[in-house]
Each structure stands twice: as C-alpha cells, then as structure tokens.
J.: 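Dumping the structure here so I can ask a few things about it.
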Amino acid sequence: MLPQHKDKLLLTLIDDLREARERLGANSQNSSRPPRTDSPWSSTPDQEHQAKTPPKSSTEIDKNEPIDDKQEGVNPTAQPSDSTAQPSESTVKRKVGHQLHAPGHGRELTLPISAIQTHAPCHCAICGEALDAQHFLAHSGHYVLDIDITPNLGLAGIRVTHEKHLYGEIACTCGHINSTEPGSCPDDPSWKKLPMNERGIVGPTLASLIVCMAQRMRLSRRQTQEFLRDWLDVPLSTSTINRCIHEAGRAVEPLEEQLVEEIREASLLHADETPWKEWGQLLWLWVIISPTVCLFLIGYRSQELLDNLFGDQIKGWLMSDGYKVYRKYQNRLRCWAHVIRKAKGLTEAYDEEAINFGKQVNQWLEKLMQAIYQARESPPGTPMTVTYAAELEAFKQLCEQHRESKHKKTRELAGEFLNDWEAFWVVLAYPFLPFTNNEAERALRHWVIARLISQGTRTEQGTSTARRKFLG
Ligand SMILES: [Zn+2]
C-alpha cells in the first residue's frame, strides 16, 4: 500500500472514531436527543439548583403542582401584567403554582342538589336520652360530589350525585347541647401537610375513580380534570384532584405494615431498584416482590433501606441483581438474565478474548438452563450439583483467568460471577427456584413509564403518595 493511501485510511479511521465518540457522549444538552434519553442520574445545573432549594411552602406545591403535571399552574407564555415593573422571566425563575396577586378561581355551584343528609345526634352524650330530630338546628354544612355506580333501574352506568351534608345541634331536656361535626383523622406528624376530614368536596367513590385515572391509567391531573368535566360534568380543580390522590396515599398507609410483614415472612422474594427523582434530587425506587405482595419504597440506594425492611437477615430466598447491598444476605439467588445479556454484549465486542469468554459463558448457562428445565419436569436421580461439579469448577477457573483481563467488560463479568459465586448456582440444588429476576423487572416497567410521564415527584408527600400507587 502506498504511503498516501495509508494516510487516507488513517484519516478515515480517526474521523470514524471521532464520530463514534461524539455519538456516545450525545445527550439532550448537546444534540437533538429528547431529555428522556438522558441518564436519570444526570441533571442540569438548573435542576441541581432546584434540588438544593426545595419549595419553601410545600403546601403551595401540593395544592397546585401535581406530580405528573409539570405545567400545572404555570403558563409559560404568560406575561406579567406590568412588564416594566416586573423582572423578566428569563432572569427570575417563576415559582410553581399560584402566583402572588394572581386572581383566584372559585367553584361555581351549578349542579342541583340531589339529596340533603342531616347529621343529627341521636342520643344525649350526658344522659343517654333519645333526641328528637325535629329540634335539630344546623350550624354548618358542605357539599359532596360523588358518583353512584350501582345499577340504576337495571341499567349500568355512572350517576353523579351532589349532596348537601348538614351538621348541627340538639338541646337535650337535661340541658346538654349535643352537636355533630364532620369526622376527621387524628393528626399524623408524617402527614402534617395533609389533614383529613369529611368536609372535602369529593366523595369516596369519585375519589376512587380519580385515583384510578391518575395512578392506574397514568393520566395527568389536567387530563383527569378534563375527563371529569367533559364526560361527567363534574368541575374540579387540579389541586382538589391532587389532594384526593394524596389522601388516598395516606389512607392506604396502614396497609403497608401488613404488607411489610408478609414480605418478611415470604419464602421467595425478588428485589430490584431504579432511579427516581424528587424535586431534582436523585433517589431510588426499590421494588420487593413476594408471591402475594408487591412493595415499592423510595429512598437512597443504601444498605440502610434494606436493613430497615429486613433487619440482619431474610427468612426466604432473595433474587436480585449484583448490586452489592444484597450480598450481606444469605439465601441469595442471582439473576442469570443480567449476565446472559452482558455475555451477549461481549460476543459483539471487538476483542478476541471478550468474544470467546462471552461465548463460553452463554454456552455454559444455556446448557444449565436446559438441565434445569428437565429437572423441573422429572427430578434427576443425581443432584445437579454433583453432575455438574467438575464443569462448574472448570467454569470457575475460566472466570479466575479472566478476572484480570485487559478488556474491561470481560473482567467485570468474570468478577461478577466470582463475587456472587454461590448465589448463582443455588438453582442447581433447588431447580424449582427461579434463575431470573423478571418478576421484579416487570413490576418496575410500570413505574419506569410513570417516571417518564411524571418526571418524578416534587415533595416528600408526593413521593409518599406515588410509591403507594401500585401497592397491593
Ligand atoms: Zn341529656
């Protein structure tokens, strides 16, 4: 080859390499890629600023800024009423939600009242005498919008109800004034921004529909509002819709203790984790699945979270990926799907050693998988741990050989096997145990879609509510 041809070839190679590197480093900030393709842990300086300066009053956020409606309360095209007196939007970041001095919106009561519920005391609290409802004197009241989904006149459908609830007092002949008030939940320090009582405009069945639309159907607060307005003629503000969802989060909280107990007692658990952002701060969503319970937790990616859940040990088997916090537990199972994917990646590398190692890993795992499937159908006379003992040892040697490989991903995969050696092969002794973590990964998929739509949560209360959306 002539020297000038070599130069040309070299220049082409350099160009190719440069382009490949550029492609690798592309993100939403330096290319046309959408922001959702960015790593969840990457954040812009603006987001970091937000993370460091959480909203001063999360009541404002909670009421006006639903988790999955980032435009809520903010009109990006809105101009200040007096543009000369106000700093421009490019220099001052508008706070989310209701703006100072912006006109408020009241609900216009146009729906007819379908029924009046009088909450009168029945018996005197002092002498126990029956009270005459004729003497009831109302002192407060509120309206409740709800839906009735019981078949009406043999027809299925939804009927909107708009009831007036009256509270008041009846004087007893003994002189005691007996009065009634809407019921309320005792104060709970962890929900101090969400006091709950019966005064709310939304009735329980309508609240269930809202929770279903927002959580199960993943509709934003605005879309939920639009549906209720257009299809049911129910006018609700997005902050009311948001409050219903948060109240539901609080209402199901007591269930969690019971579910955690079931998780602790389960014979087989799957665990996985994925990033989650709360007001720009990187947190992790954990999922722990037993045959009957699917528990989501949001917190830091640390040992502490698992310690709080399990204590020092887990009773049953725990299937997980190779994240080191799981290593503390005995009775661990390792997911083969992860290593199979990585081995496949190696077979597509530009490195001879990596290709060979990748192939050997996949052949070995494929062989064992066939043996496990067979063992599940007809248990073998000789345990698989004995049958494959020599080959397992040879595979261990292979991993040892590649532990110091010059190819990064090869040595990482070899190290992954060696780090969790026992956990990988438990399934040979107990072939009915799973060898993939698909259960947990499937549960997280739903969440990943929700994260894509909502871009995370904004407040602690929002996070607390959001993670209960799939509780059960
Ligand atoms: Zn009395």
Side-chain angles (χ1 to χ4, degrees), residues 17 20-21 24-25 39 41 269-275 284 286 300-303 306-307 312-314 317-373 375 383-431 433-438 440-441:
L17 187 60
R21 281 191 174 227
L24 270 179
S39 312
W41 46 86
L269 295 171
H270 291 258
D272 205 354
E273 68 287 325
T274 190
W284 289 78
W286 299 69
Y300 294 104
R301 204 183 186 205
S302 68
Q303 183 75 53
L306 289 182
D307 285 349
D312 282 336
Q313 48 180 310
I314 295 175
W317 293 101
L318 174 68
M319 163 61 82
S320 71
D321 58 21
Y323 186 39
K324 63 182 179 214
V325 298
Y326 298 114
R327 281 188 209 149
K328 134 177 200 181
Y329 303 107
Q330 294 176 332
N331 299 346
R332 273 191 62 220
L333 304 169
R334 266 304 308 269
C335 175
W336 288 16
H338 281 79
V339 286
I340 288 172
R341 281 198 290 268
K342 287 176 184 173
K344 187 169 182 300
L346 288 185
T347 61
E348 291 162 6
Y350 293 100
D351 183 282
E352 199 69 29
E353 187 190 359
I355 293 170
N356 285 334
F357 183 59
K359 280 182 182 167
Q360 282 170 297
V361 168
N362 272 350
Q363 280 166 6
W364 168 239
L365 293 180
E366 182 61 34
K367 183 175 180 178
L368 287 185
M369 277 196 287
Q370 294 307 325
I372 291 166
Y373 289 137
M384 282 191 287
T385 44
V386 176
T387 311
Y388 294 99
E391 284 179 84
L392 201 57
E393 189 53 36
F395 184 69
K396 192 173 188 177
Q397 295 294 328
L398 185 75
C399 292
E400 296 280 7
Q401 283 166 21
H402 290 87
R403 194 169 206 171
E404 302 298 328
S405 166
K406 64 182 187 334
H407 188 262
K408 184 170 175 274
K409 289 188 174 171
T410 302
R411 65 172 180 269
E412 281 176 355
L413 183 58
E416 196 169 341
F417 277 112
L418 294 168
N419 284 337
D420 279 334
W421 188 255
E422 301 295 331
F424 269 109
W425 317 118
V426 168
V427 67
L428 295 185
Y430 306 98
L433 288 174
F435 51 77
T436 69
N437 202 15
N438 290 349
E441 289 181 14

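Values below: all heavy atoms of this structure, side chains included; hydrogens, waters and symmetry mates excluded.
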J.: What pairs meet the salt bridge (Lys or Arg N to Asp or Glu O under 4.0 Å) rule with one or both residues in residues 390-402, with sequence neighbours excluded?
T.: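 Checked against salt bridge (Lys or Arg N to Asp or Glu O under 4.0 Å) - neighbours excluded - the pairs reaching residues 390-402 are K367-E391.
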J.: Mind checking what makes side-chain hydrogen bond (donor to acceptor under 3.5 Å, both in side chains) contact with E366, not counting sequence neighbours?
T.: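 E366: side-chain hydrogen bond (donor to acceptor under 3.5 Å, both in side chains) contacts with Q370.
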J.: Taking only residues two or more places apart in sequence, or in another chain, which ones meet Y430 in a ring-ring contact (aromatic ring centres under 6.0 Å, His included)?
T.: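 Once residues adjacent in sequence are excluded, the partners of Y430 under the ring-ring contact (aromatic ring centres under 6.0 Å, His included) criterion are W317.
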J.: With sequence neighbours left out, write down each residue that passes side-chain contact (heavy atoms from CB on, under 4.5 Å) with K324, or none if nothing qualifies.
T.: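 side-chain contact (heavy atoms from CB on, under 4.5 Å) check on K324 returns R327.
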J.: Sequence neighbours excluded and cut-off under 3.5 Å, please list the side-chain donor-acceptor pairs for residues 412-426, or say none.
T.:
from, atom 1, to, atom 2, distance (Å)
E412, OE2, K408, NZ, 3.1
E416, OE1, K342, NZ, 2.7
E416, OE2, R334, NH2, 2.7
E416, OE2, K342, NZ, 3.3
N419, OD1, R403, NH2, 3.3
N419, ND2, G415, O, 3.2
D420, OD1, R332, NH1, 2.8
D420, OD2, R332, NH2, 3.4
D420, OD2, R334, NH1, 2.8
W425, NE1, W421, O, 3.3

J.: For A375 versus M384, what's the shortest heavy-atom pair and its separation?
T.: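 Result for this residue pair: CB-CE, 3.8 Å.
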J.: Can you name the residues that form a side-chain contact (heavy atoms from CB on, under 4.5 Å) with A349, not counting sequence neighbours?
T.: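 Only A354, H407 meet the side-chain contact (heavy atoms from CB on, under 4.5 Å) criterion with A349.
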J.: Listed by chain and number, what are the side-chain contact (heavy atoms from CB on, under 4.5 Å) partners of A429, not counting sequence neighbours?
T.: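 A429: side-chain contact (heavy atoms from CB on, under 4.5 Å) contacts with T385.
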J.: Of the non-hydrogen atoms in W284 and T274, which two are nearest, and what is the gap between them?
T.: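 Reported closest heavy-atom pair: CE3-C, 3.3 Å.
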J.: Indicate the atoms forming the closest heavy-atom contact of R411 with S405, along with that distance.
T.: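 Smallest heavy-atom distance, with atoms named: NH1-O, 3.0 Å.
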J.: Residues in ring-ring contact (aromatic ring centres under 6.0 Å, His included) with F435, at least two apart?
T.: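 F435 satisfies ring-ring contact (aromatic ring centres under 6.0 Å, His included) with W336, Y373 only.
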J.: Quick one: list whatever passes side-chain hydrogen bond (donor to acceptor under 3.5 Å, both in side chains) with Y326, sequence neighbours left out.
T.: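 If we apply the side-chain hydrogen bond (donor to acceptor under 3.5 Å, both in side chains) test to Y326, skipping adjacent residues, the hits are E273.
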J.: Quick one: closest heavy-atom pair of N437 and S320, and the distance?
T.: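 That closest heavy-atom pairing would be ND2-CA, 3.8 Å.
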J.: For H402, what residues pass the ring-ring contact (aromatic ring centres under 6.0 Å, His included) criterion, not counting sequence neighbours?
T.: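 H402 satisfies ring-ring contact (aromatic ring centres under 6.0 Å, His included) with F357 once adjacent residues are dropped.
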J.: Nearest heavy-atom pair of D272 and A440: which atoms, and what distance?
T.: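 Looks like CB-CB, 3.7 Å.
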J.: By side-chain hydrogen bond (donor to acceptor under 3.5 Å, both in side chains), which residues pair with E348, not counting sequence neighbours?
T.: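 With sequence neighbours excluded, E348 shows a side-chain hydrogen bond (donor to acceptor under 3.5 Å, both in side chains) to K344, given in chain and number order.
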J.: With sequence neighbours excluded, tell me which residues meet side-chain hydrogen bond (donor to acceptor under 3.5 Å, both in side chains) with D307.
T.: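 Q303, K328.
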